[in-house]
Amino acid sequence: MSILWGEINKVEKISLVNFLKSDLYIIFGASYIKGWLAKFLIKKRAINIHMGISPFYRGSACNFWAVFDGNPHLVGATIHYLGKGIDSGEILFHALPSKKYNNYFDLTMGSVLSAQKGLILKIQNKSINKIRPIPQKLNSLIRYSKIKDFNKNIIKKYFNKKMKYTSPSYKKSFFINPYFDK
């Protein structure tokens, strides 16, 4: 079923009958889910793939903002349970790219791959059900971004910065149950 961006909360329960019988729910790239569907998914312990390292970066385009802010060591993904707030649920693990990349775009795309591989592995070997979720320390927030924040002016500023690429150094103790793509 294809749902347009921002339309998820307009979907009627009747059109999701088969979906509501699933054993596992994974959210990736969805707009903010509210109402009956959010309540249902939270109760079912739906897993969200957030492209950013929560609790530091929450909202939209988080890996872009980590690079923009000079924090490439905070480029990655957070796999967490869906919560009532945006990217605020209990964290299962962080997924980080371990491959050395030559630019920030490839680094952020490597984070997507790491998130997908890590989650698939943990579902297949059933370790996802054994992870003790960790509540987010929401006072650690560096940036909460919205779609409207990512605009032509910001992109222009980004390219005017002429940042030199530096491969991030990840401190494993800094992340929750870190998964590094191999």
Side-chain angles (χ1 to χ4, degrees), residues 5-6 8-9 24-35 37-39 41-98 104-105 107-123 127-151 154 158 163 166-181:
W5 181 261
I8 189 77
N9 297 308
L24 179 65
Y25 298 89
I26 299 172
I27 292 97
F28 182 56
S31 53
Y32 184 46
I33 302 171
K34 303 183 278 190
L37 185 55
K39 289 176 187 172
L41 292 170
I42 290 167
K43 183 179 178 184
K44 291 291 189 174
R45 307 284 282 171
I47 296 170
N48 186 46
I49 301 173
H50 167 60
M51 294 314 306
I53 300 295
S54 288
F56 308 104
Y57 286 88
R58 294 175 44 219
S60 299
C62 291
N63 285 326
F64 167 83
W65 290 111
V67 171
F68 185 88
D69 293 343
N71 293 319
H73 62 286
L74 292 176
V75 169
T78 305
I79 312 304
H80 64 91
Y81 286 124
L82 190 66
K84 290 180 182 178
I86 294 174
D87 304 322
S88 65
E90 295 177 310
I91 298 172
L92 295 166
F93 66 97
H94 286 119
L96 306 154
S98 61
Y104 288 125
F105 178 79
L107 178 69
T108 62
M109 291 300 101
S111 299
V112 175
L113 185 61
S114 183
Q116 292 171 347
K117 284 184 174 181
L119 186 55
I120 289 168
L121 175 72
K122 292 175 186 299
I123 290 169
S127 66
I128 195 75
N129 300 320
K130 297 174 185 160
I131 298 173
R132 194 181 112 243
I134 307 294
Q136 293 198 36
K137 296 177 182 171
L138 299 179
N139 61 347
S140 299
L141 183 69
I142 294 171
R143 184 185 291 265
Y144 177 85
S145 53
K146 297 181 179 182
I147 292 173
K148 68 179 182 177
D149 299 331
F150 187 73
N151 56 48
I154 289 298
Y158 174 83
M163 298 178 290
T166 55
S167 185
S169 177
Y170 294 109
K171 295 179 183 175
K172 288 183 182 181
S173 62
F174 191 72
F175 301 98
I176 296 170
N177 302 318
Y179 169 83
F180 289 89
D181 180 29

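These numbers come from a predicted model, not from an experiment. The first residue in the sequence is number 1, and the count goes up from there.
- Partners of His94 by ring-ring contact (aromatic ring centres under 6.0 Å, His included), not counting sequence neighbours, listed by chain and number: Phe175.
- A heavy-atom distance below 4.5 Å is not found between the side chains of Pro97 and Leu113.
- Remark: Pro133 pairs with Arg45, Tyr81, Glu90, Leu92 by the side chain to side chain contact (heavy atoms under 4.5 Å, CB included) rule, at least two apart or across chains.
- Tyr158 is linked by a ring-ring contact (aromatic ring centres under 6.0 Å, His included) to Phe64, counting only residues two or more places apart in sequence or in another chain.
- Asn9 places a side-chain N or O within 3.5 Å of a backbone atom of Tyr32 that can act as its donor or acceptor partner.
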Could you list the donor-acceptor pairs under 3.5 angstrom formed between side-chain atoms of residues 52-62 and any protein atom two or more places apart in sequence or on another chain?
{"from": "Tyr57", "atom 1": "OH", "to": "Asp69", "atom 2": "OD2", "distance (Å)": "2.9"}
{"from": "Tyr57", "atom 1": "OH", "to": "Asn71", "atom 2": "ND2", "distance (Å)": "2.8"}
{"from": "Arg58", "atom 1": "NE", "to": "Ile86", "atom 2": "O", "distance (Å)": "2.9"}
{"from": "Arg58", "atom 1": "NE", "to": "Asp87", "atom 2": "O", "distance (Å)": "3.3"}
{"from": "Arg58", "atom 1": "NH2", "to": "Ile86", "atom 2": "O", "distance (Å)": "2.7"}

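- Under the side chain to side chain contact (heavy atoms under 4.5 Å, CB included) criterion, Ile27 pairs with Ala30, Ile33, Leu41, Ala46, Asn48, Leu82, sequence neighbours left out.
- Counting only heavy atoms from C-beta outward, the side chains of Tyr170 and Val75 approach each other to under 4.5 Å.
- Phe105 and Thr108 make their closest contact through O-OG1, 2.8 Å (heavy atoms, listed as atom of the first residue, atom of the second, distance).
- Looking at heavy atoms from C-beta onward, Phe28 lies in side-chain contact with Met51 at the 4.5 angstrom threshold.
- For Lys148, the side chain to side chain contact (heavy atoms under 4.5 Å, CB included) partners two or more places apart in sequence, or in a different chain, are Lys146.
- Evaluation of the side chain to side chain donor-acceptor pair (under 3.5 Å) rule for Ser127 yields Asn125 as partners, not counting sequence neighbours.
- For the atom pair CG (Leu119) and CD1 (Ile49), the distance works out to 5.0 Å, reported to the nearest 0.5 Å.
- Residues passing the salt bridge (Lys or Arg N to Asp or Glu O under 4.0 Å) test with Lys117 are Asp181, sequence neighbours excluded.
- Atom-to-atom distance recorded for Ile176:CD1 and Ile134:CD1 is 5.5 Å, nearest 0.5 angstrom.
- Here the closest non-hydrogen pair linking Arg143 and Leu141 is O-CD1, 3.4 Å.
- Contact record, Ser31 with Ile8: OG-CG2, 3.6 Å, taken as the closest heavy-atom pair.
- Side chains of Ile128 and Leu24 form no contact here, defined as non-hydrogen atoms less than 4.5 Å apart.
- For the atom pair CD (Gln136) and OG1 (Thr78), the distance works out to 6.5 Å, reported to the nearest 0.5 Å.
- Considering every non-hydrogen atom in both Ile154 and Asn151, the closest pair reads N-OD1, 2.9 Å.
- For Tyr25, the ring-ring contact (aromatic ring centres under 6.0 Å, His included) criterion is met by Phe19, Phe40, not counting sequence neighbours.
- The shortest distance between side-chain heavy atoms of Pro72 and Tyr104 falls below 4.5 Å.
- By the side chain to side chain contact (heavy atoms under 4.5 Å, CB included) test, Ala95 pairs with Ala77, Phe93, Ser114, Ala115, Tyr179, sequence neighbours left out.
- Rounding to the nearest 0.5 Å gives a distance of 9.5 Å between CG of Asp149 and OH of Tyr144.
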